[in-house]
Amino acid sequence: MHSINFRFISRILGMMCLLEAGIMVVVLLLAFAFHESLLPWIVTILAFLGLGLPLAFLGKELKKKQATRREGMLTVTFVWLLLSLVGMLPFLLSGMTSNVLDAFFETISGFTTTGASVFSDVESFPKSLLFWRSLTQWQGGVGIVVFTVALMPIFGGGATQLYNAETTGITHDRFFPRISDVAKTLWLVYLAETVLLVALLWIGPMNLFDAICHAFTCISTGGYSTKNESVEAFNSPYIEYVLSFFMFIGSLNLTLVFFAITGKPGRLLRDEEFRFFTFFISSLAFITILWMVLHGEYPTLEENLRRGLFQTISLGSSTGYLSPDLTQLGPFIWMIGLLLMFVNGCAGSTCGGLKCSRFLVLLKNLYNEFKKQIHPHLLTPVLINNRQLSVSAVHQVLAFCMMYVMLIFVGATLLMLDNNGFISSISIACSAVSNSGPAIGEYATSMASAGIFSKTILCFLMLAGRLEVFTVIGILTPYFWSR
């Protein structure tokens with residue numbers, strides 16, 4: 001096994017910091033336009049430059065541009081950590097908190113598109129800080145590294161390893177030969193969806209600023225809002241229906257969305273994962289709506305339908321907009337909510353969670369095992385889209401699912417050690433690993449009351465969940481570092 005190419009990692013980290021410094025200039029201009037303090041943004045830009053320039057210089061003499069999976073795994077993990085560490089500065093310098101852990105928690109929750117927050121009064125934030133908070137989720141949606149791969153093809157052969165280490169799913173579709181072209185196309189689709197949503201929200205009761213921020217956090221399936229009461233604050237059926245539709249779109253494989261909008265909708269409609277996800281969401285939405293109607297949760301049939309649909313898609317897409325607080329709806333809806341958070345949307349989307357493709361493989365493999373009980377020598381391959389998955393791919397899915405469940409179990413157990421309740425611990429651990437945001441119980445709307453140990457554990461769970469578990473857990477194993 002070859003030694004790790006640290007110059008490659010240094011170069012990528014440096015370029016990411018320089019790129020983020022450029023993005024921060026937009027926030028600086030916004031602060032200037034709203035007559036807000038420029039100091040937090042100037043200091044943060046200088047911090048990104050101060051780190052980016054020397055890191056890029058250290059990797060300047062890079063002789064070997066090719067990178068293995070080890071460099072890819074290390075790079076994406078360090079990128080998310082570094083950008084979160086520097087990106088937390090505006091929360092501290094704007095005076096919104098003096099707690100470093102709280103600032104880091106809010107930032108990594110943004111970049112991982114989890115949406116869990118330690119703040120209960122975001123309406124007191126400067127507009128530039130609200131914009132930055134939403135922008136972290138928009139960048140984290142498809143992936144900061146994928147974005148950079150799209151803009152900076154000079155990564156050379158290492159681009160493939162970065163892309164594979166960060167993107168979600170069992171396999172990664174490449175409809176262009178160059179991985180940079182794939183990443184660029186996905187980001188153009190992502191940008192087009194965002195612009196369309198901004199326009200639709202602006203037509204409604206939202207002003208342009210709120211429309212942009214909510215478009216950022218909806219398309220990325222992140223869930224941050226500019227209002228304390230989240231989307232419910234706008235009291236608009238139009239807004240909820242529009243966001244429901246785009247949360248569903250955000251849950252779909254971006255590659256298939258690209259084919260659908262370029263004249264090949266059959267690729268999307270024939271996809272087995274898309275059909276399973278649509279059935280999964282529709283079924284649980286119907287059950288939720290029926291439960292709400294039978295219990296008279298809201299006065300009219302339309303409101304029960306709208307709120308039930310919104311809540312189901314919000315949780316099933318890992319967006320996590322709150323409408324209403326899940327805790328108020330009772331244990332039956334809690335179980336539906338946990339199932340939605342556990343599975344989530346499609347591979348290749350901005351969603352967190354297990355992904356429907358893996359869940360589908362689990363179900364098919366389980367069904368095959370039942371058939372083998374009757375016919376032990378029967379050959380029972382797992383088929384997805386009428387294509388046989390290799391045995392190694394099925395084993396990888398099973399291993400991932402095992403690690404995913406273990407991470408939630410261990411995380412919840414550690415949270416209980418910090419005097420958190422059973423229901424709260426299970427729900428927030430599942431929410432953090434699946435990057436969903438909401439929880440049940442005391443942390444339903446805010447993590448402000450959580451202890452230092454709990455917040456630290458949750459930061460780790462959010463990062464591990466966003467980078468598909470194996471990327472982060474893998475670098476903690478001794479074998480990863482053996483030569």
Side-chain angles (χ1 to χ4, degrees), residues 20 23 26-27 76 79-80 83-84 87 106-117 122 130-150 166-169 183 186-201 206 209-227 230-231 239 242-255 257-258 310 313-322 341 344-353 355 431-432 434-438 462-463 465-468:
E20 200 64 26
I23 293 172
V26 177
V27 191
V76 295
V79 162
W80 290 78
L83 294 193
S84 297
E106 195 77 7
T107 311
I108 201 167
S109 179
F111 278 125
T112 58
T113 71
T114 304
S117 178
V122 297
L130 286 174
F131 182 81
W132 169 241
R133 192 168 170 262
S134 302
L135 187 59
T136 58
Q137 293 202 322
W138 190 73
Q139 291 180 82
V142 170
I144 306 165
V145 175
V146 174
F147 177 47
T148 309
V149 168
E166 187 184 46
T167 47
T168 63
L186 294 182
W187 265 96
L188 287 174
V189 173
Y190 189 64
L191 180 62
E193 290 177 345
T194 306
V195 171
L196 177 59
L197 181 53
V198 169
L200 290 173
L201 292 176
M206 283 190 184
F209 177 79
D210 285 335
I212 292 172
C213 289
H214 283 85
F216 281 173
T217 61
C218 175
I219 290 298
S220 64
T221 62
Y224 275 160
S225 177
T226 56
K227 304 296 182 183
S230 191
V231 175
I239 293 295
V242 168
L243 289 177
S244 294
F245 176 76
F246 276 89
M247 283 189 291
F248 180 80
I249 295 297
S251 307
L252 305 181
N253 187 313
L254 261 178
T255 300
V257 173
F258 165 74
F310 184 90
I313 298 177
S314 178
L315 291 173
S317 64
S318 80
T319 308
Y321 287 134
L322 296 173
M341 287 192 290
N344 276 164
C346 301
S349 70
T350 61
C351 282
K355 306 293 184 303
S431 179
S434 65
N435 303 132
S436 294
M462 288 188 285
L463 181 64
R466 179 59 184 86
L467 296 182
E468 292 280 274

Partner residues of Phe246 under the ring-ring contact (aromatic ring centres under 6.0 Å, His included) criterion, sequence neighbours left out: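 Listed in chain order: nothing, the list is empty.
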
For side-chain contact (heavy atoms from CB on, under 4.5 Å), just list the numbers for Leu201 and Asp210, CA-CA rounded to whole Å, side-chain angles, deciding distance to a tenth of an Å, and then say yes or no. CA-CA 8 Å; Leu201 292 176; Asp210 285 335; over 6 Å; no

Donor-acceptor check, side chain of [X] to backbone of [Y], threshold 3.5 angstrom: yes or no?
X      : Y      : answer
Ser349 : Asn253 : no
Thr221 : Thr350 : yes
Trp80  : Gly140 : no

Between atom [atom1] of [X] and atom [atom2] of [Y], what is the distance when rounded to the nearest 0.5 Å?
X      : Y      : atom1 : atom2 : answer
Leu186 : Leu191 : CG    : CG    : 12.5 Å
Ile108 : Phe111 : CD1   : CZ    : 9.5 Å
Lys355 : Glu468 : NZ    : CD    : 4.5 Å
Glu193 : Leu254 : CD    : CG    : 5.5 Å
Leu197 : Thr217 : CG    : OG1   : 8.5 Å
Ser109 : Arg466 : OG    : CZ    : 12.5 Å

Within the 3.5 Å criterion, strictly below it, is a donor on Asn435 or Ser318 matched to an acceptor on the partner's side chain?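 No, no side-chain donor-acceptor pair sits under 3.5 Å.
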
When the ring planes of Tyr321 and Phe310 are compared, do they come out parallel, tilted or perpendicular, using 30° and 60° as the limits?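 Rings of Tyr321 and Phe310: parallel, as their planes differ by under 30°.
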
Which residues pass the side chain to side chain donor-acceptor pair (under 3.5 Å) test with [X], sequence neighbours left out?
X      : value
Thr112 : Thr114
Thr107 : none
Ser317 : Thr319
Ser436 : Ser434

Heavy-atom pair of closest approach, residues Gln137 and Thr113: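 So the minimum-distance heavy-atom pair works out to O-CG2, 3.5 Å.
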
Might you point out which heavy atoms bring Tyr190 and Ser220 nearest each other, and give the distance in Å?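 Shortest heavy-atom contact: OH-CB, 3.1 Å.
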
Show, in sequence, the C-alpha distance, side-chain angles and deciding distance for Ile219 and Ile249, and conclude whether the side-chain contact (heavy atoms from CB on, under 4.5 Å) test is met. CA-CA 8 Å; Ile219 290 298; Ile249 295 297; 5.7 Å; no

Taking atom CZ of Phe209 as the centre, does the number of heavy atoms from other residues, nucleotides or ligands within less than 6.0 Å exceed 12?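 Yes - once you tally the heavy atoms of other residues, nucleotides and ligands closer than 6.0 Å, there are more than 12.
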
Once side-chain contact (heavy atoms from CB on, under 4.5 Å) is applied, do any residues pair with Glu106, and if so which ones, sequence neighbours excluded?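 Glu106 satisfies side-chain contact (heavy atoms from CB on, under 4.5 Å) with Phe91, Ser117, Val118, Phe119, Arg133, Tyr224 once adjacent residues are dropped.
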
Set of side-chain contact (heavy atoms from CB on, under 4.5 Å) partners for Ile212, sequence neighbours left out: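 If we apply the side-chain contact (heavy atoms from CB on, under 4.5 Å) test to Ile212, skipping adjacent residues, the hits are Phe131, Val198, Leu208, Phe216.
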
Would you check if Leu315 and Pro438 make a side-chain contact, meaning some heavy-atom pair closer than 4.5 Å?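 With C-beta onward as the side chain, the pair touches.
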
